[in-house]
Number of protein chains: 2
Amino acid sequence: MKPETDARTDTRKKILDLAEVLMLSRGFNAFSYQHISGELGVRNAAIHYHFPKKTDLGVALIERYRRRFARYVAAQAELPPPLQLERYFTLADTYYDKQQICPSGILSAELHTLPPEMRQCTASFVEEMRAWAVDIVRRGQQEGAMQYAGTPEGMGTIVFAAMQGSLQLARLDGGALDEVKQQIRLLLGISAS
Amino acid sequence: MKPETDARTDTRKKILDLAEVLMLSRGFNAFSYQHISGELGVRNAAIHYHFPKKTDLGVALIERYRRRFARYVAAQAELPPPLQLERYFTLADTYYDKQQICPSGILSAELHTLPPEMRQCTASFVEEMRAWAVDIVRRGQQEGAMQYAGTPEGMGTIVFAAMQGSLQLARLDGGALDEVKQQIRLLLGISAS
DNA sequence: GACACCTTACTGACCAGTAAGTAGAGTCGC
DNA sequence: GCGACTCTACTTACTGGTCAGTAAGGTGTC
């Protein structure tokens, strides 16, 4: 009989979940082991048991994100590109509702203060996300569901950059995210939805 | 006879200059008075003399940026919109060359960890920058030098968000900035330059 | 009795911020 | 033209708090 939760993975997962929320709202440098242990009702050293160095926690966080993102992409690979884009927009909305920004945004903003191990996997993660955005608009163009000027690389990159930027701006100007989403629809020639 | 430099303004300016570089490359939370005093060859308390709290330094930094930005905008208000956009692109390049990101990017990413006074003037600053981007594309459209889908608000906001995002991404993917710049030119219908 | 998963107790580094003192330059009365 | 005063721009020396990280011990489970 497979245990639903064993203590090991359970606490470890709770730590990662809390750390993720903290990173996406405050940034990696701006949260401490105290924030996590306090919330979790354990001692500081318990976090160090699972993640000896904060760098270990950071790397685990990013790697989990990469796996989750890969699953997310695979799960809806068969959907029409415009619908994938709308799902992406919905995802951004949930970040906005939680007052968070996207991981690539906070990681690239803090990049110069991150340990080298984290920089490494951040680079891979961000490249994967950008490539996915490029892929959506490329397939959208091929299937005739999207029309736009320029290359899929240019369009995908600007979509990704604009979404990352607008999630940050939306913290200060609540309307920015909706405005950017709508403008992206127009630029891709998919005004109806 | 007016003194070229008196000690007061000189040290104060050097502190602001150094703090600005530190903030744009490492972020506001990730630099300390030690970073500045060490580089400047003074003691820590000298910084506290000019800026009692770190919040004071942060606010002074943003307010100086706002004044500089206002002068920058005024100085080229008469230029044709497409040229203003190119100047903006050139400005972004100099940030990239210095491995920095734009102030609105770092400030909005760190927003939740900033003191309230800094959040306040950050909001004003970011709104001014966004409005400026909107104004460029609006006038570009009115003068017939730019053609694009959607409203000036939508297009200006996406241009601003995409530039902010791509400056961050460019730290990990050097090509992102050029790609976004070129795509913006295409989307505004000003491919030649 | 071995191992996973914690605890208590601690270290040293760094941090923002403060208090009190000082050197030098300018100003004033005389 | 000279002492007394004052102000600016620092200094030294310190505090209390927070941080990541470690060592050693305890406790329940297989």
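Each chain gets a letter, A, B and so on, in the order the sequences are listed, and its residues count up from 1.
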Between the protein and nucleotides 14-16 of chain C, are there any N/O to N/O pairs under 3.5 Å, and if so, what are the atom names and distances?
residue : atom : partner : partner atom : Å
C/dC15  : OP1  : B/Ser32 : OG           : 3.3
C/dC15  : OP2  : B/Gln34 : NE2          : 3.3
C/dA16  : OP2  : B/Tyr33 : N            : 3.2

Pairs under 3.5 angstrom, nitrogen or oxygen only, protein versus nucleotides 25-30 of chain D, please.
none

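Every residue two or more places apart in sequence or in another chain was checked for a ring pair (Phe, Tyr, Trp, His ring centres under 6.0 Å) with A/Phe51, and none qualifies. The salt bridge (charged side-chain N to carboxylate O under 4.0 Å, His left out) test applied to A/Arg71 returns no partner, not counting sequence neighbours. Under the rule for a side chain to side chain contact (heavy atoms under 4.5 Å, CB included), the partners of A/Glu63 that lie at least two apart in sequence or sit in another chain are A/Val59, A/Arg66, A/Arg67, A/Cys121. Residues meeting the ring pair (Phe, Tyr, Trp, His ring centres under 6.0 Å) test with B/Tyr95, sequence neighbours left out: none. In terms of the salt bridge (charged side-chain N to carboxylate O under 4.0 Å, His left out) criterion, B/Glu39 has no residue partners (sequence neighbours excluded). Not counting sequence neighbours, A/Gln147 has no partner by the side chain to side chain contact (heavy atoms under 4.5 Å, CB included) test. In this structure B/Phe160 satisfies the ring pair (Phe, Tyr, Trp, His ring centres under 6.0 Å) test with no other residue, sequence neighbours excluded.
Note: CD1 (A/Ile47) to P (C/dC6) measures 9 Å, nearest angstrom. Distance, B/Asp10 CG to D/dT8 C1': 14 Å, rounded to whole Å. For A/Ile15 and C/dC5, the CD1 to P distance is 11 Å, given to the nearest whole Å.
Of the two residues near DNA chain D, A/Phe51 and B/Arg43, the one whose nearest nucleotide lies more 5' is B/Arg43.
A/Lys54 has its side chain within reach of A/Phe31: a pair of non-hydrogen atoms, C-beta onward, lies under 4.5 Å apart.
Phosphate contact (OP1/OP2 of D/dC10, side-chain N/O of B/Tyr49, threshold under 4.0 Å): absent. Distances shorter than 4.0 Å separate some side-chain N or O of B/Thr11 from OP1 or OP2 on D/dC10.
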